[in-house]
Amino acid sequence: QVQLVESGGGLVQAGGSLRLSCAASGRTFSSYAMGWFRPAPGQEREFVAAISRSDGSTYYADSVKGRFTISGDNAKNTVYLQMNSLKPEDTAVYYCAARSSRRWSPHAADFGSWGQGTQVTVSS
C-alpha cells in the first residue's frame with residue numbers, strides 16, 4: 001500500500017487554471033501507475049487522467065484532453081494534474097489513486113490506494 005495526500009484544490013473562475021499535487025509515501029513510488037479520478041453521475045469515480053510507470057505514457061478522458069496534463073516527479077514522490085481552461089462542469093472532488101502495477105487503467109476498481117480528495121470549484 002502507498003499513502004496519498006492531495007493538495008492544490010480551490011475556487012477558480014471559468015477559463016482559469018489549477019495544479020493539483022499528490023504526494024505519495026510508503027512503497028516505491030516509481031513502481032505504481034498513478035491516476036486522477038472524480039465522481040460523476042452514474043459512476044462512483046470517473047477516470048480523468050493516468051500515467052503509466054512502465055514508459056511514462058499518459059492517458060486522458062476525452063472531456064479533459066488538451067486541457068489537463070498529468071506528470072510525475074519520482075524524486076519528490078509526487079504526481080501532478082495541471083488543469084487549464086477550466087469549465088464549471090469540471091467542478092468536483094478530485095482523487096489521486098495508485099495502482100500496484102506499472103501499467104495504467106481507466107477503471108477505479110483497479111487502483112488499490114486512494115487519497116482523501118481535494119475540492120475543485122469552477123465558477124461561471
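Using a 4.5 Å heavy-atom cutoff, the side chains of L86 and Q13 are not in contact. Residues T118 and L20 are in side-chain contact: their nearest non-hydrogen atoms beyond the backbone lie under 4.5 Å apart. In this structure, the side chains of S17 and M83 stay at 4.5 Å or more apart for every pair of heavy atoms. In this structure the side chain of W36 reaches within 4.5 angstrom of the side chain of I70, judged on heavy atoms. Using a 4.5 Å heavy-atom cutoff, the side chains of S100 and Y32 are in contact. No side-chain heavy atom of Q3 sits less than 4.5 Å from a side-chain heavy atom of S113. In this structure, the side chains of V48 and Y60 stay at 4.5 Å or more apart for every pair of heavy atoms. Taking the side chain as every heavy atom from C-beta outward, Y59 and F47 approach each other to under 4.5 Å.
Between the side chains of R38 and Y94, a donor-acceptor pair is found at a separation under 3.5 Å. Between D73 and T78, the side chains place no donor N or O within less than 3.5 Å of an acceptor N or O (distance only, hydrogens not considered).
Without hydrogens or angle criteria, R67 side chain to S85 main chain gives a donor-acceptor distance under 3.5 Å. Within the 3.5 Å criterion, the main-chain N or O of L11 finds no donor-acceptor partner in the side chain of T121. A donor-acceptor contact shorter than 3.5 Å links the side chain of T91 to the backbone of V122. W104 places no side-chain N or O within donor-acceptor distance of the main-chain N or O of S101, the cut-off being under 3.5 Å. Using a distance-only test at 3.5 Å, with no hydrogens or angles considered, a donor-acceptor pair links the side chain of E6 to the main chain of Q116.
Taking the six-membered ring where the residue is Trp, the centroids of F37 and F111 are separated by under 6.0 Å.
Residue S124 comes nearest to A14 through the heavy atom pair CA-CB, 4.4 Å, listed as atom of the first residue, atom of the second, then distance. The minimum heavy-atom distance between D110 and S105, with the atom names listed, is OD2-OG, 2.5 Å. In terms of heavy atoms, A98 sits closest to M34 at CB-SD, 3.6 Å.
Remark: R102 does not engage D55 in a salt bridge, criterion side-chain N to carboxylate O under 4.0 Å. Salt bridge status for D90 with K87: absent, with no side-chain N to carboxylate O gap under 4.0 Å.
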Is there a side-chain contact (heavy atoms from CB on, under 4.5 Å) between F68 and L81? Walk through the geometry before answering. CA-CA 7 Å; F68 291 10; L81 185 67; 4.2 Å; yes
Quick one, V2 with S25, criterion side-chain contact (heavy atoms from CB on, under 4.5 Å). Give me CA distance, side-chain angles, the key distance, then yes/no. CA-CA 6 Å; V2 62; S25 60; 5.7 Å; no
Run S71 and Q82 through side-chain contact (heavy atoms from CB on, under 4.5 Å) and show every step you take. CA-CA 8 Å; S71 62; Q82 177 67 44; over 6 Å; no
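Both tests pass for R45 against the ring of Y95: distance under 6.0 Å to the centre and angle within 45° of the axis.
Under the 4.5 Å side-chain heavy-atom criterion for grouping Ile, Leu, Val, Met, Phe, Trp and Tyr, L4 is not connected to V93 through any hydrophobic cluster.
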